[in-house]
Number of protein chains: 2
Amino acid sequence: MKLSKKGEYALRALIDLGIAAEVGRPLVQVSELAAKELIPIKFLEQIMQLLKVEGFIESQRGKFGGYRLARSANKITIGSIVRLIDGPLAPIGCVSHTAYEKCSCPDETHCGLRMLMLDVRNAIAGILDRYTLADVVEVTLRKMRRDNVPLPFSDAPAARRSPARNADRPDLKPIEGLLSNLLSDYSI
Amino acid sequence: MKLSKKGEYALRALIDLGIAAEVGRPLVQVSELAAKELIPIKFLEQIMQLLKVEGFIESQRGKFGGYRLARSANKITIGSIVRLIDGPLAPIGCVSHTAYEKCSCPDETHCGLRMLMLDVRNAIAGILDRYTLADVVEVTLRKMRRDNVPLPFSDAPAARRSPARNADRPDLKPIEGLLSNLLSDYSI
DNA sequence: TTTAAACTATACTAACTCAATGTAGTTTTA
DNA sequence: TAAAACTACATTGAGTTAGTATAGTTTAAA
């Protein structure tokens, strides 16, 4: 049930771009991202290329160029990024919503394994399709501010502002988990 | 977030052995399992060997030999099987409970990605460590009986008996999902 | 006591994926 | 005009996956 390094790097880079945007930094260079996250620069360039082609980020070429998010962070779900890099979220093809594939088992309707794995796929998708880059950025920034850690991509400690995190997600069912708790607990 | 073919085959074989036990069949041969599940026989033999070494199953050698579960199906969690074949359930090492590994990111305590992936790992483990082979066997048999499908490993349709499914799991939190619903809904 | 059916052990391998690395550009702007 | 940055594409070494192949050993039924 692994996330690939490529997927991890893509998420880290996008979260960084989200933080940069939140902190008022217009562009971030690949070299800076690579240094901050300890990612081989050529590998990261490859990933950024893919993220650009797929419309997640935009680039500014030339000297003092760099990358920025192509749309607001709350319009980018984590699930869409993971699917792009690592394929379907489902553990096996016969329970994938986005890339169903018939499995070799003789009777799919009476397959207990399939039902179990459908639960797993729904649990994963329930998290990764619910949360956006903006959620992860907010949790990260909030923890850093609480601990008085200097924010990345900004010299001065950024002013506290209230992000429009749930603007476009009207009726979410309550959910358990770390992120959910951290996002609703404003004392953190 | 994939389950390997090897892991899938191991689970299928173990579920079959669980069904066989439930239906009163003492031993099942590898050749029969391979034919039923369309698994290459030499590959399955390899897997059965591993499951035996690890104490999940026992073998009877010689003519008319075969395999059986080494302990009651409700003592074998799905999570333990998946971990054996495919390693930790966690998407990244830094959130694994059974095989923690420090990640390359500069500040683990303020890493939003880590918190998110911890939610994912808990969601997966919450399912795979909660359910046992017995649960999957029961769901499978119940669906087959409801649809009057002939049960595997038995010529006559097996009598309905009440399995001791939750015998050793005293206080489980309620949980959502297909399996949970199917297991509690006795009309299915 | 033979022998077929079954499990056991170990070695090998083709194909694929992962995680980069290398080379050679093009574009932009200070 | 040249440094800094992005772009494109080819290559590669290591590791994993999903099997095959070969040569047994064990057991029980005939």
Side-chain angles (χ1 to χ4, degrees), chain A residues 1-13 17 20 25-35 37-54 56-68 70 82 84-88 91-93 101 103-104, chain B residues 1-13 17 20 25-35 37-54 56-68 70 82 84-88 91-93 101 103-104:
Chain A
M1 324 299 259
K2 291 285 159 297
L3 180 74
S4 71
K5 282 286 170 195
K6 194 170 174 180
E8 184 189 325
Y9 294 163
L11 287 172
R12 285 194 193 291
L17 291 186
R25 171 85 174 272
L27 287 172
V28 185
Q29 291 144 16
V30 174
S31 58
E32 191 176 358
L33 288 174
E37 301 289 347
L38 301 174
I39 303 171
I41 189 165
K42 294 302 295 180
F43 194 24
L44 185 54
E45 277 177 353
Q46 219 176 82
I47 295 166
M48 300 306 273
Q49 188 58 28
L50 177 57
L51 292 174
K52 185 190 162 185
V53 167
E54 295 296 324
F56 290 105
I57 58 180
E58 296 169 339
S59 70
Q60 176 77 245
R61 300 185 64 160
K63 194 170 186 180
F64 299 104
Y67 285 99
R68 77 176 78 85
V82 173
L84 169 66
I85 307 279
D86 283 350
I92 48 181
E101 221 174 331
C103 77
S104 66
Chain B
M1 323 300 262
K2 291 285 159 297
L3 180 74
S4 70
K5 281 288 170 193
K6 194 171 176 180
E8 184 190 325
Y9 294 163
L11 287 172
R12 284 193 193 291
L17 291 185
R25 171 84 174 272
L27 287 171
V28 185
Q29 291 142 18
V30 174
S31 58
E32 192 175 358
L33 288 175
E37 301 289 347
L38 302 174
I39 303 172
I41 189 166
K42 295 304 291 182
F43 193 25
L44 184 55
E45 277 176 354
Q46 225 175 75
I47 295 166
M48 301 305 273
Q49 188 58 27
L50 177 57
L51 292 175
K52 186 192 164 184
V53 167
E54 295 295 325
F56 289 104
I57 59 179
E58 296 169 340
S59 70
Q60 176 77 244
R61 299 184 64 159
K63 197 172 184 177
F64 300 102
Y67 286 99
R68 76 175 78 84
V82 173
L84 169 66
I85 308 278
D86 282 351
I92 49 180
E101 220 175 330
C103 78
S104 65

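Lettering of chains follows the sequences in order, A, B, ..., and the numbering in each one begins at 1.
Counting any heavy atom pair closer than 4.0 Å across all strands shown, B:Lys2 reaches no nucleic acid atom.
C:dA11 atom P lies 18 Å from atom CZ of B:Phe43, rounded to whole Å. The interatomic distance linking A:Leu51 (CG) with D:dT7 (P) rounds to 12 Å, in whole Å. Rounded to an integer number of Å, the gap from B:Ile85 CD1 to D:dT17 C1' is 13 Å. A:Glu58 has its CD atom 12 Å from the P atom of D:dT7, to the nearest Å. Atom pair A:Glu32:CD and D:dA4:P shows a separation of 15 Å (rounding to whole Å applied). Look at CD1 on A:Ile41: it is 9 Å from C1' on D:dA5, rounded to the nearest Å. In this structure, CG of A:Leu33 is placed 13 Å from C1' of D:dA5, rounded to the nearest angstrom. Remark: P of D:dG19 and CG of B:Leu50 are 16 Å apart, rounded to the nearest angstrom.
B:Tyr9 has a side-chain polar atom (N or O) that falls below the 4.0 Å cut-off from OP1 or OP2 of D:dG19. Within the structure, every side-chain polar atom (N or O) of B:Lys6 is placed at least 4.0 Å from both OP1 and OP2 of D:dT16. Contact annotation: B:Ser31 side-chain N/O to C:dA5 OP1/OP2 distance is not under 4.0 Å. In terms of phosphate contacts, A:Ser59 brings a side-chain nitrogen or oxygen within less than 4.0 Å of OP1 or OP2 of D:dT7.
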Atom pairs under 3.5 Å: protein N/O with N/O of nucleotides 27-30 of chain D:
residue: D:dT27; atom: O2; partner: B:Lys63; partner atom: N; Å: 3.2

Could you go over nucleotides 9-11 of chain D and give all protein N or O partners under 3.5 Å, atom names and distances?
none

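Remark: A:Lys2 NZ to B:Asp86 CG distance equals 8.0 Å, nearest 0.5 Å. Taken to the nearest 0.5 Å, the CG atom of B:Leu44 stands 11.5 Å off from the CD atom of B:Glu32. Residue B:Leu17 holds its CG atom at 10.0 Å from CZ of B:Arg25, rounded to the nearest 0.5 Å. One finds the CZ atom of B:Arg12 at 4.5 Å from the SG atom of A:Cys103 (value rounded to the nearest 0.5 Å).
In the set C:dT8, C:dT21, D:dA18, the nucleotide with an atom closest to the side chain of A:Pro40 is C:dT21.
Where A:Glu45 and A:Lys5 each meet DNA chain C at their nearest nucleotide, the meeting point lying more 5' is that of A:Lys5.
Using a 4.5 Å heavy-atom cutoff, the side chains of A:Leu33 and A:Tyr67 are not in contact. When side chains are defined from C-beta on, B:Pro91 counts as touching B:Met1, because their heavy atoms get closer than 4.5 Å.
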Exercise answer: donor-acceptor pairs, residues 46-53 of chain B side-chain atoms, under 3.5 Å, sequence neighbours excluded:
residue: B:Lys52; atom: NZ; partner: B:Ser59; partner atom: OG; Å: 3.2

